[in-house]
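Indexing begins at 1, ligand by ligand and atom by atom, following the structure's order.
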Amino acid sequence: MINVIRSSIPPFDEYCDEIKSIWNNHWLTNDGDKHKELESKLCEFLGVENLTLFVNGHMALEMAIDAMGLTGEVITTPFTFASTTHAIVRNGLNPVFCDINDVDYTINADKIERLITEKTSAILPVHVYGNICDYKKIESIAKKYNLKVIYDAAHAFAEEVDGMKVGNLGDASMFSFHATKVFNTIEGGCVCYKDANLKTKLNNLKNFGILDAETVEAVGANAKMNEFAAAMGLCNLRHIDEEIAKRKEVYERYLERLEGVSGLELCNRKCNVKYNYAYFPVVFDSYKYNRDEVDEKLRKNGILARKYFYPLTNSYDCYDFDVSQTPKAFDISNKVLTLPMYADLDLADVDRICDVILD
Ligand SMILES: *Cc1c(COP(=O)(O)O)cnc(C)c1O
């Protein structure tokens, strides 16, 4: 059986060493030593000024939206994980869906401007599959209309574009450290941001809005990262270069086998991006089998791929949006499959997966 993902974990002894100090200080959560150390190490690694850790990426995004005081409408993409859209709606805001482009499936920056109304307060694009959005165009639109930009960078850990670390794009960026991501803290996430004043607000929101022992100044929630998660992050961060290098090998083997095959669309890599090789999406467009047939065939061979992202978030049962507004996203979501992708995936297994697809 080959699963779509296999979480990377550090050597057992390394993790045990890392958590030993917790048995001395009995400090399990609430801004402990591991938390402090991970926050500062990640600041350095991601090359950002301001960073706040969270219990997961979703709460990081939800609380970033809250802290930035967004109102009304937020322009976003439906070709993403549930979290992006839910974070907008759970803040009482209205998502306005912009279609994606057909090159890398990120938001189509040429279609953003026509969606802006006097209620629009922000743009929330997603670096989907680690493909970096057209940040220059997005920035110029945001400037022109005085909008905030928050990137869902859950897929873009450790990436760079035009020599710049991606956490510096926009007003804020959210990274997810979920078990299935390139870098994990079991569950976890962070938000990076330009405005240093957000730090107090975010720290407040993730701890029930408690400012000090006798002052509760915001209707916060509980979204703190605990010490065991932070310790996992400290260990995994030591191995991140090796993690990405192994993923690159897997990625390149897939390319070797599948590039140029008629009916298969693979995302083109851009030379101005330093990738993390998080995913290997394939779009089955007039291939001899459709996406669902390939998925079924892989499953019969003990290989689990993922229809990522299907369905679109604007077609969820819990919502009532008009999917016809984003035809390209709809089309891709019906044709895309992400293949198994993780650092320890054997190249022989990659070959086996490709054999099934090509057979
Ligand atoms: C994983 C993910 C999230 C949510 O992150 P969690 O850490 O699982 O809460 C948000 N957006 C995208 C695009 C993701 O892939």
Legend entry - Joint cluster assignment, Ile353 & Leu304, ILVMFWY side-chain distance < 4.5 Å: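 No; Leu304 is not reachable from Ile353 via cluster members.
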Inset, instruction - Check the hydrophobic clustering (I, L, V, M, F, W, Y; side-chain heavy atoms under 4.5 Å; chains of links allowed) and say if Ile112 and Val126 are grouped together. - result: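 Result: no, two separate clusters.
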Legend entry - Salt-bridge present (Glu160, Lys165; N to O < 4.0 Å): yes
Legend entry - Pick from Thr313, Asp152, Thr185: the one approaching atom 13 (C) of ligand 1 most closely through a non-hydrogen atom: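 Selected option, by shortest heavy-atom distance: Asp152.
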Inset, instruction - Scan Arg269, Arg257, Arg247, Lys246 and name whichever one has a salt bridge (Lys or Arg N to Asp or Glu O under 4.0 Å) with Glu252. - result: Arg269
Legend entry - Heavy-atom closest pair, residues Asn56 and Glu187: CB-OE1, 4.0 Å
What protein heavy atom is closest to [atom], reported as residue, atom name and distance in Å?
atom                    : value
atom 9 (O) of ligand 1  : His58 N, 2.8 Å
atom 2 (C) of ligand 1  : Lys181 NZ, 3.0 Å
atom 15 (O) of ligand 1 : His155 NE2, 2.8 Å
atom 3 (C) of ligand 1  : Phe81 CD2, 3.7 Å
atom 5 (O) of ligand 1  : Ser176 OG, 3.2 Å

Inset, instruction - Mind checking whether Tyr308 contacts ligand 1 via backbone (N, CA, C, O), side chain (CB onward), both or neither, at a 4.0 Å heavy-atom cut-off? - result: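 Near ligand 1, Tyr308 shows its side chain, while the N, CA, C and O stay back.
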Inset, instruction - Between Glu187 and ligand 1, find which residue part has any heavy-atom pair under 4.0 Å and reply side chain, backbone, both or neither. - result: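 None of Glu187 does.
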Legend entry - Proximity of Phe45 and Phe157 rings by center, below 6.0 Å: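 For Phe45 and Phe157, the ring centres are under 6.0 Å apart.
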Inset, instruction - Would you please indicate if the ring centroids of Tyr308 and His155 are separated by under 6.0 Å? - result: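 Aromatic pair counts; centres sit under 6.0 Å.
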Legend entry - Atoms in ligand 1 with a heavy atom of Asn56 nearer than 4.0 Å: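 Selected atoms, number and element: 7 (O), 9 (O).
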Inset, instruction - Please confirm whether Ala87 comes under 4.0 Å of ligand 1, counting heavy atoms of the residue only. - result: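 False for this residue.
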